[in-house]
2 protein chains.
Amino acid sequence: MMQLDNTDLKLISLVQKDAKQTTKQLALQLELSNTAVYERVRKLEREGVITGYTALLDREKLGKSFVAFCHVRLARHTADNVKEFERAVVRLTEVAECYHVSGDYDYMLKIFVADMPAYRQFMVEKLTGLPHIGNTHSVFMIGGIKE
Amino acid sequence: MMQLDNTDLKLISLVQKDAKQTTKQLALQLELSNTAVYERVRKLEREGVITGYTALLDREKLGKSFVAFCHVRLARHTADNVKEFERAVVRLTEVAECYHVSGDYDYMLKIFVADMPAYRQFMVEKLTGLPHIGNTHSVFMIGGIKE
DNA sequence: GCTGAAAGTAAGTTTCG
DNA sequence: CGAAACTTACTTTCAGC
């Protein structure tokens with residue numbers, strides 16, 4: 001693991017808040033020179049601490065404000081089943097996140113769709129059509145407290 | 001809701017993949033002029049479709065590769081309890097996300113810490129100290145399939 | 001809503017202390 | 001690590017369609 005000093009951590013928190021800040025702006029807030037900040041950012045990118053930059057979207061404005069957490073249990077846990085399921089699930093555009101988890105279910109999926117009818121349609125037409133699905137359990141998001 | 005044409009959607013998907021692309025690069029991929037792309041991006045920002053830009057981090061390189069989903073039930077659901085709990089939970093730095101959800105539990109939290117001992121410490125010293133906590137149930141991430 | 005050109009700025013490199 | 005000068009590239013505005 002790479003050595004990160006306090007300035008690195010502060011820098012990371014700044015670019016997390018707003019990745020579009022110029023080196024100059026960052027330098028001011030860190031009380032460092034332009035060059036120093038520039039090289040730190042490059043180092044963090046090079047070492048893979050910062051893996052990329054992305055735009056944050058308002059799901060409501062995109063008509064995808066309905067969020068569900070879907071727990072999935074596979075029918076049988078052969079290596080092939082697992083691989084096939086995982087390959088298929090990442091291709092579903094409604095699946096924003098997918099984690100292999102401990103507990104009663106094997107996977108937890110975070111699903112973005114427009115509304116409940118769209119969720120039902122997703123379940124019936126897409127999710128339950130995935131290979132080796134055993135059963136599922138859905139929990140719906142009522143509100144986001146921290147995201 | 002704002003009207004988004006196909007070009008907007010394509011543009012959104014491009015800046016989601018890499019927010020640091022220059023207008024020129026985006027213009028090439030969209031087969032539009034520099035200015036046209038520039039104005040579309042500004043429009044999406046102004047209308048609040050794009051709410052910001054952030055850096056993506058490698059949690060492992062940050063020493064926070066242990067992920068848990070913690071379900072929380074409150075002791076009693078008075079309006080004050082809910083407000084107090086929500087105010088307190090967002091302040092915990094280990095809590096990356098917090099959702100109010102349907103089902104057996106009231107909230108689902110996504111927790112980032114270094115390892116299992118750190119998780120135990122978080123539970124004992126921080127989470128169970130929050131106001132109005134009823135009980136909790138933790139599910140651990142074994143692996144990330146899509147994030 | 002688009003294009004193309006011009007003016008303004010920042011990024012990125014280099015050299016030096 | 002920081003300052004300064006410099007080249008290159010991008011951003012932003014504007015007139016015009």
Side-chain angles (χ1 to χ4, degrees), chain A residues 1-65 93 112-115 118 147, chain B residues 1-65 93 114 147:
Chain A
M1 192 180 111
M2 180 194 174
Q3 204 63 346
L4 297 171
D5 64 15
N6 244 335
T7 308
D8 285 323
L9 294 176
K10 230 164 154 183
L11 177 53
I12 286 168
S13 125
L14 288 174
V15 293
Q16 253 195 317
K17 276 199 209 90
D18 178 8
K20 284 275 168 106
Q21 288 178 94
T22 64
T23 313
K24 212 182 217 171
Q25 286 175 303
L26 295 169
L28 270 172
Q29 290 167 90
L30 293 170
E31 298 181 318
L32 274 179
S33 78
N34 209 324
T35 327
V37 173
Y38 174 70
E39 272 162 9
R40 275 173 189 268
V41 172
R42 293 296 299 265
K43 185 190 65 182
L44 292 170
E45 291 172 349
R46 195 162 15 86
E47 307 270 349
V49 179
I50 295 175
T51 57
Y53 300 93
T54 190
L56 298 171
L57 305 175
D58 183 330
R59 281 192 311 281
E60 255 173 77
K61 303 234 163 133
L62 288 168
K64 292 287 162 79
S65 54
T93 53
F112 290 152
V113 288
D115 47 28
E147 326 191 35
Chain B
M1 192 180 114
M2 182 194 172
Q3 205 62 345
L4 297 170
D5 65 16
N6 245 333
T7 308
D8 286 322
L9 294 175
K10 228 164 153 185
L11 176 54
I12 286 168
S13 128
L14 288 173
V15 295
Q16 250 195 320
K17 276 200 207 90
D18 178 8
K20 283 276 169 104
Q21 288 177 94
T22 64
T23 313
K24 211 184 215 171
Q25 287 175 302
L26 295 170
L28 271 172
Q29 291 167 90
L30 294 171
E31 299 181 318
L32 274 179
S33 78
N34 206 326
T35 321
V37 173
Y38 174 71
E39 274 165 4
R40 274 173 189 270
V41 173
R42 292 297 300 265
K43 186 191 65 183
L44 291 170
E45 291 171 350
R46 193 162 17 85
E47 307 270 348
V49 179
I50 294 175
T51 56
Y53 300 92
T54 188
L56 298 171
L57 304 175
D58 183 331
R59 282 193 311 280
E60 257 173 75
K61 304 235 161 132
L62 288 168
K64 292 284 162 81
S65 53
T93 54
E147 324 192 35

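Naming: A, B, ... by sequence-line order, numbering from 1 per chain.
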Dump the pairs, protein N or O against N or O of nucleotides 10-17 of chain D, anything under 3.5 Å, distances to one decimal.
residue	atom	partner	partner atom	Å
D/dC10	OP2	B/Lys24	NZ	3.1
D/dT11	OP2	B/Thr23	N	2.9
D/dT11	OP2	B/Thr23	OG1	2.9
D/dT12	O5'	B/Tyr38	OH	3.0

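- Here the nucleotide nearest the side chain of A/Arg40, chosen from D/dG2, C/dT3, D/dC1, is D/dC1.
- Around NZ of A/Lys10, the count of heavy atoms belonging to other residues, nucleotides or ligands within 6.0 Å does not exceed 12.
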Worked check of side-chain contact (heavy atoms from CB on, under 4.5 Å) between B/Gln21 and B/Val15: CA-CA 7 Å; B/Gln21 288 177 94; B/Val15 295; 5.5 Å; no
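- Spacing between atom CD of B/Glu31 and atom C1' of C/dT3 amounts to 15 Å, rounded to whole angstrom units.
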Chi angles and distances behind the salt bridge (charged side-chain N to carboxylate O under 4.0 Å, His left out) call for B/Glu147, B/Arg59: CA-CA 12 Å; B/Glu147 324 192 35; B/Arg59 282 193 311 280; 3.6 Å; yes
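- By the neighbour-count criterion of 12 heavy atoms within 6.0 Å, atom CG of A/Asn6 is sparsely surrounded, having that number or fewer from other residues, nucleotides or ligands.
- Atom NZ of A/Lys43 is separated from atom C1' of C/dG12 by 18 Å (rounded to the nearest Å).
- Environment of NZ in A/Lys24: sparse, with no more than 12 heavy atoms of neighbouring residues, nucleotides or ligands closer than 6.0 Å.
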